[in-house]
Trainee: 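Provided herewith is a single structure, encoded as C-alpha cells, for subsequent inquiry.
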Amino acid sequence: MALKSLRGEGLSLAALLAVAGGLFVLPLGLLARVGLSEGGLPSLRPLIEAFAASSVQRALWHSLESSALSAAGALVIGTLLALVLGLTDLRAKGVFVFFLLLPMMIPPHVTAIAWIQALGPASPVLNWAGIAPAPGTPNPLYSGGGVMLLLTLQHAPLVFLVVLAALRGLPREMAEAARIAGARPLRLLTRVLLPLLAPSLLAGFALAFISALGNFGIPALLGIPGRYTTLPVLMYRRLSSFDPLDLRDVAVLSVLLGIVAVI
C-alpha cells in the first residue's frame with residue numbers, strides 16, 4: 001500500500017515538474033540562450049555590452065529604486081493594516097478587507113488612469129474643492145514619485161494578506177503570557193509580535209518588490225511622460241520599433257531583469 005502511495009506521489013511530482021518545465025523553465029531557458037550567447041556559443045559579452053549603455057543603467061536604477069522604495073512603503077502600510085484588523089475588534093472587518101483588496105482586483109494601468117484623472121486639472125473633485133492644478137500644467141503623478149506612490153498602493157494588499165495570515169497563525173499563549181508579565185501593547189508589539197512575524201514581513205517585502213519590478217502599466221503611463229524609464233518600459237520601447245535586431249537586445253534586458261529578480 002505504501003509502495004503504491006509512493007508511486008502515486010512520484011508520478012504526481014513528475015507531472016508537476018513536467019508542466020512547470022514546459023510553462024516556465026523551457027521558455028526562460030530559450031530566452032537566456034538568446035540573451036547569453038554569441039555566435040552560437042555561451043557568452044556574457046551581450047550582457048556586459050547592454051549594461052554598458054547609459055539608458056540601460058538608468059532604467060535598471062529606476063527599476064531598483066521604484067521597486068525597493070514602493071516595497072518598503074507597501075510593507076509599512078500592509079503591516080499596519082494587518083495589525084489593526086488582526087489585533088482589534090473592529091466591526092465589519094470583511095468590508096474593510098474587501099476595499100483593501102480592491103487594488104489587486106483592478107489592472108495596474110486602470111489604476112494609473114484613475115489616479116491621473118483624479119489628480120489632473122480636469123478632476124471634478126479637485127475643481128469642486130478649488131485646488132485643481134491650472135490647465136496646461138503637468139500632472140504631479142508624472143514623475144518617479146508618482147510611480148512609487150501608485151506601486152505602493154497597488155502592492156500593499158499583497159503584504160497585508162501575507163502578514164494577516166501569519167498573524168492569525170501565531171500562538172495566542174505567547175501574547176497572553178507577555179501581558180500577564182506586564183508587557184504594554186507597544187512592548188508586546190516590538191518584542192514579541194514583530195520578531196515572530198519577521199519571516200512573513202520579509203516574504204511580503206519580497207513579493208511587493210518582485211511585483212513592482214515586473215510592473216509595466218504604472219511605470220509606462222506615469223513614467224514615460226515624466227521621463228522615468230524602468231526596464232520593462234525600456235524593453236517595450238525597443239520592441240515597438242519592430243526592428244528584428246532589437247529582439248536580441250530585449251532578450252538581454254530580460255535576462256538582466258531576471259537576474260535582479262532572482263537575487
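Predicted model only: the values in this text are computed from it and were never measured.
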Trainee: Listed by chain and number, what are the side chain to side chain contact (heavy atoms under 4.5 Å, CB included) partners of S143, not counting sequence neighbours?
Mentor: none
Trainee: With L234, which of L239, V250, V56, L257 fulfils side-chain contact (heavy atoms from CB on, under 4.5 Å)?
Mentor: V56
Trainee: Is there a path of hydrophobic side-chain contacts, each under 4.5 Å between heavy atoms of I, L, V, M, F, W or Y residues, that connects V97 with M104?
Mentor: yes
Trainee: Find the distance between OG (S63) and CG (N215) and round it off to the nearest 0.5 Å.
Mentor: 10.5 Å
Trainee: Could you go through residues 72-87 and list every donor-acceptor pair under 3.5 Å that involves a side-chain atom there, pairing it with any protein atom two or more places apart or in another chain?
Mentor:
from: T79; atom 1: OG1; to: L75; atom 2: O; distance (Å): 2.6

Trainee: Does a side-chain heavy-atom distance below 4.5 Å link S66 with T230?
Mentor: yes
Trainee: Minimum heavy-atom separation for Y142 and L221, please, with both atom names.
Mentor: CE2-O, 3.6 Å
Trainee: What's the shortest heavy-atom distance between P108 and I218, and which atoms?
Mentor: O-CG1, 3.6 Å
Trainee: Can you give the donor-acceptor pairs under 3.5 Å from side chains of residues 197-214 to other protein atoms, not counting sequence neighbours?
Mentor:
from: S211; atom 1: OG; to: L207; atom 2: O; distance (Å): 2.8

Trainee: Report whether L119 and I116 are members of the same hydrophobic cluster (ILVMFWY, side-chain heavy atoms less than 4.5 Å apart, transitive linking).
Mentor: yes
Trainee: Should L231 and V233 be regarded as members of a common hydrophobic cluster, given that ILVMFWY residues are connected when their side-chain heavy atoms come within less than 4.5 Å of each other, either directly or indirectly?
Mentor: no
Trainee: May I ask you to list the residues sharing a hydrophobic cluster with L16, side-chain cutoff 4.5 Å, ordered by chain and number?
Mentor: none
Trainee: For Y228, enumerate each residue passing the ring pair (Phe, Tyr, Trp, His ring centres under 6.0 Å) test, keeping only those at least two apart in sequence or located in another chain.
Mentor: H62
Trainee: Can you give each donor-acceptor pair under 3.5 Å made by side-chain atoms of residues 146-170, sequence neighbours left out, with the distance rounded to 0.1 Å?
Mentor:
from: T152; atom 1: OG1; to: S70; atom 2: O; distance (Å): 3.4
from: T152; atom 1: OG1; to: M148; atom 2: O; distance (Å): 2.8
from: Q154; atom 1: OE1; to: T111; atom 2: OG1; distance (Å): 3.4
from: Q154; atom 1: NE2; to: P103; atom 2: O; distance (Å): 2.8
from: Q154; atom 1: NE2; to: I106; atom 2: O; distance (Å): 3.4
from: H155; atom 1: ND1; to: L151; atom 2: O; distance (Å): 3.1

Trainee: Which pair of heavy atoms, one from R238 and one from S55, lies closest together, and at what distance?
Mentor: NH2-OG, 3.5 Å
Trainee: Which ILVMFWY residues can you reach from W61 by hopping between side chains whose heavy atoms are under 4.5 Å apart?
Mentor: none
Trainee: Write out all pairs satisfying ring-ring contact (aromatic ring centres under 6.0 Å, His included) with one or both partners inside residues 81-114, taking only residues at least two apart or from two chains.
Mentor: none
Trainee: Verify the cluster assignment for M105 and L100: are they in a single hydrophobic cluster under the rule of side-chain heavy atoms below 4.5 Å apart?
Mentor: yes
Trainee: I'd like to check the ring pair (Phe, Tyr, Trp, His ring centres under 6.0 Å) partners of F216; sequence neighbours left out, ordered by chain and number.
Mentor: Y236
Trainee: Taking salt bridge (charged side-chain N to carboxylate O under 4.0 Å, His left out) as the definition, give me every residue that meets it alongside E49, ordered by chain and number, with sequence neighbours left out.
Mentor: R45
Trainee: Any link between V95 and L102 through a network of hydrophobic side chains (Ile, Leu, Val, Met, Phe, Trp, Tyr) touching at under 4.5 Å?
Mentor: yes
Trainee: Show your reasoning for whether side-chain contact (heavy atoms from CB on, under 4.5 Å) applies to F51 and L60.
Mentor: CA-CA 9 Å; F51 187 73; L60 176 61; 3.4 Å; yes
Trainee: Yes or no on side-chain contact (heavy atoms from CB on, under 4.5 Å) for T229 and R237, after CA distance, side-chain angles and deciding distance?
Mentor: CA-CA 10 Å; T229 303; R237 283 183 160 182; 3.7 Å; yes
